[in-house]
Protein chains: 2
Amino acid sequence: MVQSAVPESSAERFDARRREILLSASRAYRERGFHATGMREIAQAAGMTAGNLYHYFAGKEALLAFCQEESARRLNELAAWVEEQPLRADARLHALIVGHVLVLNEGLPGSLAHLEVESLDGEGRRRVVTLRDRYEEALRGILRAGMDAGVLRRADLKLTALAILGAINWTVKWFRPGGKSSAREVGEHFAEQLVRGLLAPEVELMRPAGEVPIFGSAAHRENNATPTDSSRTR
Amino acid sequence: MVQSAVPESSAERFDARRREILLSASRAYRERGFHATGMREIAQAAGMTAGNLYHYFAGKEALLAFCQEESARRLNELAAWVEEQPLRADARLHALIVGHVLVLNEGLPGSLAHLEVESLDGEGRRRVVTLRDRYEEALRGILRAGMDAGVLRRADLKLTALAILGAINWTVKWFRPGGKSSAREVGEHFAEQLVRGLLAPEVELMRPAGEVPIFGSAAHRENNATPTDSSRTR
DNA sequence: TAGCTTCTTGAACCGTGGTTCAATCCGCCG
DNA sequence: CGGCGGATTGAACCACGGTTCAAGAAGCTA
């Protein structure tokens, strides 16, 4: 599965290790929540010592910031992808919902989204909030377009978006891989239910043609250079 | 507003003080989250010393348990009330959604619901989880009845319920009293959107007749005796 | 192999925050 | 007025957990 066979250069190993940590951390956060999870715990899950974590991250908060930034970034990639698909608004919305559920629950690393932004401060918080706002704006954009086109019922954009986001984000509280439904099934179900709730009368529901890809799971190398500035510790 | 004019007996003052604390605590939890809020902080908000808190509650966790139990109990009262209304399933669902939003965001005391159950242990946790499960079962019951009657589209009960619960519970993350919309408006909007998403084809949406009452805000005296056993500390 | 840099460790430091407790205050009852 | 019990305080206790650091191991380059 994991193509960690040939760790290339030193800088690349550093990044890879960072991602491993990220993975352990986000798993732990998911179980017990951010505040309840200790550094030693995360370290152990990543197969290292607590002190060593500080070689890769400036501190607890930086680690959280990194996690959140990661998934926020993926959501924005998803939104960009959805926007360039040649689909009607309702199908677009459908795809976005499925993709969002997948990012949160399938894309292993960083999967706790913008939950817990409250625990962030300063620069890190600003960055995450910006990304989150951009994504939510994209969602509202789809809704607006759908309403303008008469495909979706007219309603308050903010509230409509928040209902959708709530349903999806809440999944991280209960979804467990290996459970009764796969993340994709959950996504499809939610998309169906939520999109139907917005359809204008007389309009027949339209779904996207192919499968929505999973953003962040793999096939993600040449990102824009140095995503985080607070990377290297000293 | 608050009829705290004549504090009756000593035992009743004790209970009243407990509720005041509860109120401060739940407000604080809401702002910063459970783990991030200190006892001294809660105490100060309640106009007392940290040490004094322990006269009313056994500890931090007991306090949280009490909060959660309180709102879980209210949700169940709501569900019971909804069930005895002579309404069609979709209208019932509508009422339940509105009421749920109101309990979480308007019924001041204890308003953080079953979020953060993870932070509980032992007896307290068991009790909260039981109450939560009972409520969710009530919700699924309404959905099932609606599907059986052909009013609602047939779909997975668990997932359908979770989508609804997610949208609603998520409101505690963003709703602020005094904001653009009132809790009731949010509730109405959500009910509209969510119920529509489930309506069977050809069925015309039906709303409840009157206004859904707010459970827990006031008019709540003669509860069933001694709700919590872990009441009196020593 | 020497010598640099990067990783890694384990132990120690230290602030925060939950909790305890003895002492005091206050209201009520006889 | 005397005194009893609940209420309240403030300070101290103490463990947990984030963080630091000096020292050593492992890699890489020449």
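Residue numbers begin at 1 in each chain, while the letters A, B, ... track the order of the sequences.
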Examine [N]: is either OP1 or OP2 under 4.0 Å from a nitrogen or oxygen in the side chain of [X]? Give yes or no.
| X | N | result |
| --- | --- | --- |
| B:His55 | D:dA7 | yes |
| A:Tyr54 | C:dT8 | no |
| A:Asn52 | C:dT9 | yes |

Among C:dC7, D:dT9, C:dG18, the nucleotide that comes nearest once only the side chain of B:Met39 is considered: C:dG18

In terms of side-chain heavy atoms of A:Met48, which of D:dT19, C:dT9, D:dA7 is nearest?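 So the nucleotide nearest the side chain must be C:dT9.
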
Please work out if B:Arg17 contacts a base, only the sugar-phosphate, or nothing of the nucleic acid, heavy-atom cut-off 4.0 Å.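 The residue B:Arg17 makes sugar-phosphate contact but no base contact.
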
With a 4.0 Å cut-off on heavy atoms, is B:Gly51 in touch with a base, just the backbone sugar-phosphate, or nothing at all?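 Since a base atom lies under 4.0 Å of B:Gly51, the category is base.
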
Would the number of heavy atoms belonging to other residues, nucleotides or ligands and lying under 6.0 Å from CD of A:Gln44 be above 12?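 Atom CD in A:Gln44 is not crowded, with 12 or fewer foreign heavy atoms closer than 6.0 Å.
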
Atom-to-atom span, CD of A:Glu12 to C1' of D:dG27 - whole angstrom: 16 Å

Residue of the set B:Arg127, B:Arg132, B:Arg126 for which side chain to side chain contact (heavy atoms under 4.5 Å, CB included) holds with B:Val129: B:Arg132

What pairs meet the salt bridge (charged side-chain N to carboxylate O under 4.0 Å, His left out) rule with one or both residues in residues 160-173 of chain A, with sequence neighbours excluded? A:Lys173-B:Glu118

Would B:His100 and B:Leu165 satisfy side-chain contact (heavy atoms from CB on, under 4.5 Å), going step by step from the backbone distance to the final call? CA-CA 9 Å; B:His100 191 152; B:Leu165 292 170; 3.8 Å; yes

